[in-house]
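Report on one structure; see the data block that follows.
Because the structure is predicted, anything quoted here is derived from the model rather than measured. Just follow the structure's listing: the first ligand is 1, and inside any ligand the first atom is 1.
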Amino acid sequence: MAVKPLREGGPAARIAVIAGDGIGQEVTPESIKVIHAAMDSHSGSARRQIEFVELDWGADKFLREGITLPAGAVEMLANEFDAILFGALGDPRVPSNQHAAEILLGLRFKLDLFVNARPVELFHDRLTPLRDRTTNDIRFMVFRENTEGLYVGVGGFFKKDTPDEIAVQEDVNSRKGVERIIRHAFEYARQNKLKRVCMSDKSNAMTFAHDLWQRVFKQVRQEYPEIESRHLYIDTLAMEVVRDPRQFDVIVTCNLFGDIISDLGAQLAGGLGLAPSGNIHPGRTSLFEPVHGSAPNIAGKGIANPLGSILTSAMMLDFLGWTAEGNALRTAVRAALQENFVTPDLGGEKKTVEVGDWIAKRVGSR
Ligand code: NAD
Ligand code: IPM
Ligand code: MN
């Protein structure tokens, strides 16, 4: 992935931090702690520099000031930051979810972060609910289209709040948008020497929008003859990833289906507490967030699993070109899982901060 040139004299990377709501506030500081530990373990000229700038965007600010994305926010992020480390948004006091839509979806759209990369990797055999499956069986990447589809918010109500009400939500698919995510999936497979790409849609029912996906897929796949490409309808894919996840290396699909299949994948690999993601536009400021939400049911208890956020930070470090540090984070997470030093969602009794401290210590003593 393309990396921005390092700034002369200043920090090597500037990261905007949006911890957000609920457990986003609890897991994100653990990530920052662990990244600092990874940076500090370098010495002399190899020492990495990183600057974090915290932004207080979320439900509290929205309820207090009515502000979701402040004026000029998108330009500031695009021009002054290399990446955004994001926690979660969602608060029971905002049932409309307006702030989450405007901030999270707003940034995905306005920064044109068309790749939502959601890796599914089983780190320890005991974590999968699938019988007899091991770490060798569950390892695939989901590429979710992230700027179009049913998420664009085009639609409306007719005769709202009457018995004759009609609600319309448009599914927007551009040739450019479909092509760039499918191409990204093939490029990723080629670069990582992965043999199989599966495109998933619902073209048997969505005969316009997903007919476009079919035609673009057939065109792009021709440029990658060494890669085995196949198509599955999304309902079949959901069934097949459970029946035999070994079939998949790379999955590419639309925005909504990618949202759903990535939660399914997360559960195959130990649950939402462990699942990372990146919202990426190669070469531009990109946003990294755990797949999970703000988990109001456990927020404030100090028991949220920080490993999803820490693995997300590893993806961010990869994106910044710091793969050694990214790998150090992943190795430490693997070790915590091996030693069962985990939060209650994974059957342990450790607190969020204890797990973060443990990982930071591991990473720092490389
Ligand atoms: P959720 O991911 O917040 O929680 C689902 C379940 O998983 C809950 O039981 C929760 O306790 C558990 N869980 C999630 N992350 C965990 C972690 N790190 N450690 C331990 N357990 C964890 O999904 P939800 O309950 O459907 O949504 C809650 C709010 O979050 C909603 O407002 C939703 O819109 C929002 N949301 C935001 C994002 C995001 O910001 N990227 C993603 C998903 C949901
Ligand atoms: C996710 C979330 C979001 C999405 C919500 C909060 C809008 O579920 O990041 O997976 O659907 O994209
Ligand atoms: Mn989701």
S294 heavy atom under 4.0 Å from ligand 1:
yes
Quick one: does ligand 1 sit under 4.0 Å from the side chain of [X], the backbone, both or neither, non-hydrogen atoms only?
| X | value |
| --- | --- |
| P296 | side chain |
| V27 | neither |
| T343 | neither |
| I303 | neither |
| N305 | both |

So the salt bridge (Lys or Arg N to Asp or Glu O under 4.0 Å) pairs with at least one residue in residues 339-363 (sequence neighbours excluded) are K33-D357, E339-R362
Which heavy atom of the protein is the closest neighbour of [atom], given with residue, atom name and distance?
| atom | answer |
| --- | --- |
| atom 21 (N) of ligand 1 | I298 CD1, 3.6 Å |
| atom 7 (O) of ligand 1 | L272 CD1, 3.9 Å |
| atom 6 (C) of ligand 2 | L104 CD2, 4.4 Å |
| atom 1 (P) of ligand 1 | G293 N, 3.5 Å |

For N192, give me all partners under side chain to side chain contact (heavy atoms under 4.5 Å, CB included), at least two apart in sequence or on another chain.
Y188, L194
Name all residues meeting the side chain to side chain contact (heavy atoms under 4.5 Å, CB included) criterion together with E65; count only those two or more places apart in sequence or in a different chain, and write none if there are none.
K61, I67
For ligand 1, which atoms have a heavy atom of E289 less than 4.0 angstrom away?
39 (C), 41 (N)
Which atoms of ligand 1 sit under 4.0 Å from any heavy atom of F86?
40 (O)
Note, L127 side chain near H124 side chain (heavy atom, < 4.5 Å):
yes
If hydrogens are left out, which of D259, L272, I260, L256 has an atom nearest to atom 8 (O) of ligand 2, that is, the closest non-hydrogen atom?
D259
Between F114 and H281, does the ring centroid distance fall short of 6.0 Å?
yes
Around the Mn ion (ligand 3), number of protein N/O/S atoms which are nearer than 2.8 Å
1
Proximity of H292 to ligand 2 by residue part, where a heavy atom lies under 4.0 Å:
neither
